[in-house]
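The chains referred to below are lettered A, B, ... by the order of the sequence lines, with proteins before strands, and numbering in each begins at 1. Computed over heavy atoms, backbone and side chain alike; hydrogens, waters and symmetry mates excluded.
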Protein chains: 2
Amino acid sequence: MAVDCVVFGLDATKADLRVLLIRRAIPPFKGGWALPGGFVWAGESLEDAARRELKEETGLADVFLEQLYTFGEPGRDPRGRVVSVAYYALVNLNEHPPKASSDAEGAAWTPVAKAPSLAFDHAKILETALARLKGKLRYEPLGFELLPRRFTLSQLQRLYEIVLERALDKRNFRKKLLAMDRLVDLKEVEKDVAHRAARLYRFDEEKYRQLKKKGFNFEL
Amino acid sequence: MAVDCVVFGLDATKADLRVLLIRRAIPPFKGGWALPGGFVWAGESLEDAARRELKEETGLADVFLEQLYTFGEPGRDPRGRVVSVAYYALVNLNEHPPKASSDAEGAAWTPVAKAPSLAFDHAKILETALARLKGKLRYEPLGFELLPRRFTLSQLQRLYEIVLERALDKRNFRKKLLAMDRLVDLKEVEKDVAHRAARLYRFDEEKYRQLKKKGFNFEL
DNA sequence: TCAAAAGTGTTAACCATACACCCATGC
DNA sequence: GCATGGGTGTATGGTTAACACTTTTGA
């Protein structure tokens, strides 16, 4: 019984979506790239195991984490029958620089488009996670997890464009998001930018939870 | 490592959604109601295990089956740590009368609204499956799995109304579904009904698969 | 003064919704 | 002939989509 984590991060400056990979320190696939993960302990819940492995292997803690899918084909692990429950996590890359430790000889934020070949069936897990992220972003405001707490509307739009892989109209995007009334205008602007400074916003989680309970629809 | 199955069936005549429950033949919870399921064999995939258990305990085979969620809280099974991968299945109740066998002393189609208390954390699994069914029905044409191969538009509408738990407008429903162009008019009508006979349709799976590849949207 | 990104409204097409009556059939 | 459910169209309001220019700032 194992868990694996697909951790997505957004590099706001370089405009690409990245995934956190580790180099395996132990066989099988020693030295190869893989998703962070490992075996579940006896008294531990699956989500706790995922968070523990994430912490151990990459230093990340307190991130958005959700169950993705369970992979259990008999031949997926050369050591024998290992069923793995995959989770996906979303983090803001700038606030969460990863550091390597114990099980992993290193961790690296790799652009998803350029991911190397991965150990086990991790390529398939990554693909499943990407599909889920794209699907979910369209009707739930997951995206905020990938941004800093204070962000501009352009950053938010860029995020949607990167994940959904298509261009969005600026005016329509703003209209729609502001109409959703989930954003709080912080009445502040960016500093030290070489162009007109943009307003900063934050996501209003409280309002979001209330509306979600009522069955509100957040489709983009 | 176990699997459990939430099998939904639609009783077209009585207009309710049912779930297939078994009476446990062995401890723990002997004699209590539970979802069909059991342990995964060594060389078997998770989905194969789910199908096997379904066949053994209820006689059902060749049904629509999809992974739902994995439940792994340490205390969920009194025998010790058992992680269970839950699947949900959709069947047409009239074409699939269940029969009991081996592990189960009986299987019964129970209206979901009146489900008895269930063994293990099966109530939670059922709840999760219901939420998934409702959510998915809105943007994927899952519903056809619950109907006979040949059905009327009224049957289809009733299904949506039962699962989504709200009334739908007849004219708008027909317009929308016919516009989706996923239904084949069989140029036949019902027989032996005490009112005007309705046209029969079938679902066009081929067209559906093609459109799905192109990212078409089936929202109702 | 230039470059770079922020910010802002209007129009037209489309889609969702609300709504009521006649039709075919078996009893 | 009546009860039952089948089948049909239109008008309105709201939502989405397309589209271009001015503003602010720092270098």
Value in whole Å for how far the [atom2] atom of [N] lies from [atom1] of [X]:
X        : N     : atom1 : atom2 : answer
A:Leu200 : C:dA6 : CG    : P     : 11 Å
A:Leu153 : C:dG7 : CG    : C1'   : 10 Å
A:Leu178 : C:dG9 : CG    : P     : 12 Å
A:Gln155 : C:dA6 : CD    : C1'   : 13 Å

Going by salt bridge (Lys or Arg N to Asp or Glu O under 4.0 Å), name the pairs with one or both residues in [range], residues two or more places apart or in two chains.
range                       : result
residues 133-148 of chain B : B:Glu66-B:Lys136, B:Lys134-B:Glu165, B:Lys136-B:Glu140, B:Arg138-B:Glu219, B:Glu140-B:Lys212
residues 108-117 of chain B : none
residues 167-179 of chain B : none

[X]: ring-ring contact (aromatic ring centres under 6.0 Å, His included) partners, not counting sequence neighbours:
X        : result
A:Phe151 : A:Phe144
A:Tyr69  : A:Phe71
A:Phe29  : A:Phe120

Practice problem: Return the set of residues passing side-chain contact (heavy atoms from CB on, under 4.5 Å) with B:Asp185 (not counting sequence neighbours), or none when no residue passes. | Solution: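 Expected list: B:Lys187, B:Arg199, B:Tyr201.
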Quiz item: A:Arg150: what forms a side-chain contact (heavy atoms from CB on, under 4.5 Å) with it, not counting sequence neighbours?
Solution: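 A:Arg150 satisfies side-chain contact (heavy atoms from CB on, under 4.5 Å) with A:Leu186, A:Glu188, A:Leu200 only.
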Practice problem: Would you mind classifying the nucleic acid contact of A:Arg174 as base, sugar-phosphate or nothing, using non-hydrogen atoms under 4.0 angstrom? | Solution: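 The residue A:Arg174 makes base contact.
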Practice problem: Estimate the overall bend of the helix from C:dT1-D:dA27 to C:dC27-D:dG1 from the end axes over five pairs each, rounded to 10 degrees. | Solution: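 The end-segment axes of the helix from C:dT1-D:dA27 to C:dC27-D:dG1 are tilted 0° relative to each other.
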Quiz item: Does A:Ser154 place a side-chain N or O at less than 4.0 Å from the phosphate oxygens OP1/OP2 of C:dA6?
Solution: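 Yes, such a contact exists.
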Quiz prompt | Short side-chain N/O contact to C:dC15 OP1/OP2 from B:Lys176, under 4.0 Å | solution =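 Result: no.
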Quiz item: For the side chain of A:Glu53 and the backbone of A:Asp4, is there at least one donor-acceptor N/O pair under 3.5 Å apart?
Solution: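 A pair under 3.5 Å: no.
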Practice problem: Would you give a per-nucleotide map of nucleotides 19-27 of chain C, 5' to 3', where B means the base has a protein non-hydrogen atom under 4.0 Å away, S means only the sugar-phosphate does, and - means neither? | Solution: BB--BBBS-
Practice problem: Using the ring-ring contact (aromatic ring centres under 6.0 Å, His included) rule, collect all pairs that involve residues 153-177 of chain B, keeping only residues at least two apart or in two chains. | Solution: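 Pairs touching residues 153-177 of chain B that pass the test: B:Tyr160-B:Phe173.
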Practice problem: Give me the first and last nucleotide of DNA chain D, going 5' to 3', that has any atom under 4.0 Å from a heavy atom of chain A. | Solution: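 Contacts span D:dT16 to D:dG26, reading 5' to 3'.
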Quiz item: Should A:Tyr88 and A:Leu126 count as side-chain neighbours, where that means a heavy-atom distance under 4.5 Å?
Solution: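 No - every pair of side-chain heavy atoms lies 4.5 Å or more apart.
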